[in-house]
Asks: 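Submitted below is the structure of interest, expressed as structure tokens.
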Amino acid sequence: MERILITSALPYINGIKHLGTLVGSMLSADVFARFKKARGHEVLFLCATDEHGTPTELAAMEAGKDVRTFCDEQHLLQKAACEKFDLGWDHFGRSSSPQNKELTQHFARQLWKNGFLEVRTTKQVYSNADGRFLPDRYVIGTCPHCGYEKARGDQCENCTRVLDPIDLIKPRSAVSGSDDIEIRDSTHLFLKQSEFVPQLRQWIDSHKNEWSNIVYSIANKWLEEGLQDRGITRDVDWGVPVPDDIADGKLKGKVFYVWFDAPIEYIGATKEWADANGKGNSWKSWWYGEESKDVRYYEFMGKDNVPFHTVGFPVTIMGSGEPWKLVDQIKGFNWLNYYSGKFSTSEHRGVFMDSAIEILPADYWRYYLMANAPESSDSSFTFEHFASVVNKDLADVLGNFVNRITKFCVARFDGKVPGEGEYGDEEKALIAEMEKRFAQYTAYFEAIEYRKALAELRAIWVAGNEYLTRAAPWTHIKTDRAKAAVAVRMGLNLVHLFAHLAWPIMPTMAKKIHEAIQPVAGDGKIIPWPDMPMAKELDDLEPGMAIHAPDVLFAKITDEQIAEWTARFGGADSA
RNA sequence: GGCAGCGUAGCUCAGUGGUAGAGCAGGGGAAUCAUAAUCCCUUGGUCGGGGGUUCAAAUCCCUCCGCUGCUACCA
């Protein structure tokens, strides 16, 4: 059986992530990892904090801490927030790990050895007041085109024109506001991406039918527009140092660009995982050479990350001249907006993971976000929509089904699975329908089509309600106890099925639903996919077995709560 | 400016050449096991505008409009 390697785009270290980042990379990857684990695959699911770069240095400075300490703290905060959402990776690493340093330097040496790195001198803005070089967007000034006074050095937000910092009128540091800045020469390493165009095109085109429209078109766009060589070093302190044996030490004191070392951390995290679990060199079998031939590799990310995963990282791997694994499937997402505006980490607009979990348990969010994942276009989160989906799908359709059948069983059949009667035409028709829907649900999951998968899951719950209405045990109980028993037995089997089908999406609630019927088998860490005929799956419960009616599974969201939350987080009018 | 994605029912979205669809919301009914939860029936759309190709266009082509993003040193 294939081994499955899954990575989620690395969340930047700078603060707790919002719901958009959650759905577009970490949660969608977790749901897929759980699905594959449930089907019995050997899965390695990895993520890490992406820690290097200027924004981290500035955030640490603002917090009055040294960068390492700041990252140590933020890493733990993010890790804790993610665990509360039941993001079950096998390892949550750090791009600042020794393992990643070693691998990043290894790849750079290979690229240097193979002649794909070039030393070039560039003009960079240096701020005397801040004592540091400034990335283009950290230089602000007046736009030469439209006169906007807060234009950034890379682009004017007002007229959207692309700028160079030296074009700005009255340029100053966005960090300190000081205008004591100058242009200095700086030496950097450039990765000769342009030499990889034919190889990249062949690789990208070979996935044309496999990747979604948005992923393929973004990847293709970069090739179409003419791939430029890219600077892979920066004039900052916090990062992986360029080793002295590259370019005769000309890059002394410089570090690699965060987008060079961050994807390598996918491999780095694998090594961290192996080191932490005493697995020695086995990490390499996931990534390198013949040993990794049975691995299928999936990456999950927002659309902004796509170029770095379809061009930058593949060039690093190709240029190494070593047989490292390239990604097989890339799942890219559009943006999730907050009402009609953007979620914003810097302006703290929208709902963030730590506050979301204070409001409601993880599974409410997990279901809503996956059912409304921004797969084909940008989509919006609103508390009104969230409430209607939670109330209808989770409370009314699923929760109430579990509730009504278990309570009826407790009231009329002593809380035991009734054994009387035989399945008839009604049950056979339901089994046939479930067979079909289950196959469809599985197929959507395999294709990573979340909206469609969850619509199918909902249809499966609805089919359960339809069956119960037709079978009407509450009517038959008065005249034909065996007939009522058949309906209750089927109803309980449906509850059991629902628990198995919901697990990748709602692990905690799935377990709770399962335990209403019977304890989860094994260590209880995985609820397996019901890869068996529905006739067996829906006639699986042992007659006489005791069940119980769980408390209300999903509480409804009230209008008062919506009002409270929109007041707290800002709703439609804060856009 | 260039490029990319998107524009379908009040809302959220399916639908890539063959009679416009689903869920929610709205309207009517059934049932009374259940968190007033469920089930059945139903109203509702010049498919962003205009032009073209075709026996046939939401779908292919051209053009215009609108929204979003990218434009290589934010990540």
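Residue numbers begin at 1 in each chain, while the letters A, B, ... track the order of the sequences.
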Asks: Taking atom types as modelled, find out whether A:Y12 and A:T56 have a side-chain donor-acceptor pair closer than 3.5 angstrom.
Replies: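 Yes, a side-chain donor-acceptor pair sits under 3.5 Å.
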Asks: For the pair A:H18 and A:F343, name the ring-plane relationship: parallel under 30°, tilted 30 to 60°, perpendicular over 60°.
Replies: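 Correct class here is parallel.
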Asks: Flag the pair A:R94 and A:E51 as a salt bridge only when some basic side-chain nitrogen lies within less than 4.0 angstrom of an acidic carboxylate oxygen.
Replies: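 Salt bridge: yes.
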Asks: Rounded to whole Å, please give me the gap between NZ in A:K407 and C1' in B:U32.
Replies: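 Roughly 15 Å, once rounded to whole Å.
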Asks: Can you tell whether the side chains of A:K221 and A:E224 come within less than 4.0 Å, N to carboxylate O?
Replies: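 No salt bridge links A:K221 with A:E224.
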Asks: Identify whether any heavy atom of A:K556 sits under 4.0 Å from a base atom; if not, whether one sits that close to sugar-phosphate; answer base, sugar-phosphate or nothing.
Replies: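 Base, at least one base atom sits under 4.0 Å.
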Asks: Hey, are A:R132 and A:D235 close enough for a salt bridge, meaning a charged N less than 4.0 Å from a carboxylate O?
Replies: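 The answer is no: the pair does not qualify as a salt bridge.
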Asks: Using whole Å, what does the distance between atom P of nucleotide B:A31 and atom CG of A:L468 come to?
Replies: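 Rounded to whole Å, this separation is 17 Å.
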Asks: If a pair means Watson-Crick or G-U wobble with both distances below 3.5 Å, what does RNA chain B look like in dot-bracket form, with | marking bases paired to a different strand?
Replies: ((((((((.[[[[.)..(..]]]].(((((.......))))).....[[[[[..)....]]]]])))))))....
Asks: Relative to the 5' end of RNA chain B, which residue comes earlier, A:R412 or A:N334, by the nucleotide with the nearest heavy atom?
Replies: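 Its nearest nucleotide lies further toward 5', so the answer is A:N334.
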Asks: For B:U63 and B:A75, measure between their P atoms and round to the nearest Å.
Replies: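 Between the two P atoms, the distance is 38 Å.
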Asks: Determine the Euclidean distance between corresponding P atoms of B:U43 and B:G51; express it in Å to zero decimal places.
Replies: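 Pairwise P distance, B:G51 against B:U43, rounds to 31 Å.
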Asks: Is A:R451 close enough to B:C13 that one of its side-chain N or O atoms is under 4.0 Å from OP1 or OP2 there?
Replies: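 A:R451 to B:C13 OP1/OP2: side-chain N or O found under 4.0 Å.
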Asks: Taking atom P of B:U32 as reference, at what distance in whole Å does atom CG of A:N400 sit?
Replies: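 Whole-Å distance recorded here is 16 Å.
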Asks: Which part of the nucleic acid, if any, lies within reach of A:F133 when heavy atoms closer than 4.0 Å are counted: base, sugar-phosphate only, or nothing?
Replies: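 No contact.
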Asks: Testing the 3.5 Å rule here: is there a donor-acceptor pair between the side chains of A:S173 and A:D130?
Replies: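 There is such a pair between these side chains.
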Asks: In this structure, how many angstroms lie between the P atom of B:A34 and the CD1 atom of A:I547, rounded?
Replies: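 After rounding, the reported distance stands at 14 Å.
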Asks: In whole angstrom, give me the gap between the C1' atoms of B:G23 and B:C62.
Replies: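 That atom pair is separated by 36 Å.
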Asks: Just how far, in rounded Å, is P of B:C24 from CG of A:N372?
Replies: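 Result: 13 Å.
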Asks: Ignoring hydrogens and angles, answer whether the base of B:A37 and the side-chain atoms of A:D396 contain a donor-acceptor pair closer than 3.5 Å.
Replies: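 Donor-acceptor pair under 3.5 Å: no.
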Asks: Using a 4.0 Å heavy-atom cut-off across all strands, classify A:R458 as base, sugar-phosphate, or nothing.
Replies: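 A:R458: backbone/sugar contact only, no base atoms under 4.0 Å.
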Asks: Once the angle between the rings of A:H207 and A:W211 is folded into 0 to 90°, is it parallel (under 30°), tilted (30 to 60°) or perpendicular (over 60°)?
Replies: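 It falls in the parallel class, under 30°.
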Asks: Can you tell me how the ring of A:F386 sits relative to the ring of A:Y368, calling it parallel under 30°, perpendicular over 60° and tilted otherwise?
Replies: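 A:F386 vs A:Y368 ring planes: perpendicular.
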Asks: Round to a whole Å and report the spacing from CD1 of A:I405 to P of B:U35.
Replies: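 Taking atom P of B:U35 as the reference, CD1 of A:I405 is at 13 Å.
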Asks: Measure CZ/A:F401 against P/B:C39 and give the value in whole Å, please.
Replies: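 Result: 10 Å.
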Asks: Do the side-chain N or O atoms of A:N213 get closer than 4.0 angstrom to the phosphate oxygens (OP1, OP2) of B:U16?
Replies: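 Result: no.
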Asks: Could you encode protein contacts along nucleotides 67-75 of chain B as a string, one character per nucleotide from 5' to 3', using B for base contact, S for sugar-phosphate-only contact and - for no contact, with a heavy-atom cut-off of under 4.0 Å?
Replies: -SSBBBBBB
Asks: Of the candidate nucleotides B:C39, B:U35, B:C33, which contains the atom at the shortest distance from the side chain of A:W474?
Replies: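 The answer is B:C33, which lies nearest to the side chain.
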Asks: Quick one: label A:L553 by what it contacts on the DNA or RNA (base, sugar-phosphate, nothing), any heavy atom closer than 4.0 Å.
Replies: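 Counting heavy atoms under 4.0 Å across all strands, the contact made by A:L553 includes a base.
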Asks: For the rings on A:F445 and A:Y441, is their centre-to-centre separation under 6.0 Å?
Replies: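 Judged by ring-centre distance (under 6.0 Å), A:F445 and A:Y441 do meet the cut-off.
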Asks: Does a side chain donor of either A:H52 or A:Y257 reach within less than 3.5 Å of an acceptor in the other side chain?
Replies: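 Side chains of A:H52 and A:Y257: no pair found under 3.5 Å.
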Asks: Pick the P atom in B:G21 and in B:G26, then give their distance to the nearest Å.
Replies: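 Between the two P atoms, the distance is 23 Å.
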Asks: Taking the P atom of each, how far is B:C41 from B:U46, in whole Å?
Replies: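 Nearest-Å result for B:C41 against B:U46 at atom P: 25 Å.
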Asks: I'd like the C1' distance from B:A58 over to B:C13, given in whole Å.
Replies: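 Approximately 14 Å lies between the C1' atom of B:C13 and that of B:A58.
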Asks: Which part of the nucleic acid, if any, lies within contact of A:V462, taking any heavy atom under 4.0 Å across all strands shown: a base, the sugar-phosphate backbone alone, or nothing?
Replies: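 A:V462: backbone/sugar contact only, no base atoms under 4.0 Å.
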Asks: For B:C64 versus B:U54, give the span between their P atoms, rounded off to a whole number of Å.
Replies: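 These two P atoms come out 23 Å apart once rounded.
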Asks: Quantified in whole Å, what is the P atom distance between nucleotide B:G17 and nucleotide B:G27?
Replies: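 Taking atom P in both B:G17 and B:G27, they lie 39 Å apart.
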Asks: Would you indicate which nucleotide in B:A34, B:C39, B:C24 comes nearest to any side-chain atom of A:S388?
Replies: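 Given the options B:A34, B:C39, B:C24, the side chain of A:S388 is closest to B:C24.
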Asks: OH of A:Y364 versus P of B:U35: gap in Å, rounded?
Replies: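 Checked: the OH to P distance equals 15 Å.
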Asks: Counting only heavy atoms not in A:E62 (residues, nucleotides, ligands), do more than 12 fall under 6.0 Å from its CD?
Replies: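 Check fails, neighbour count at 12 or below.
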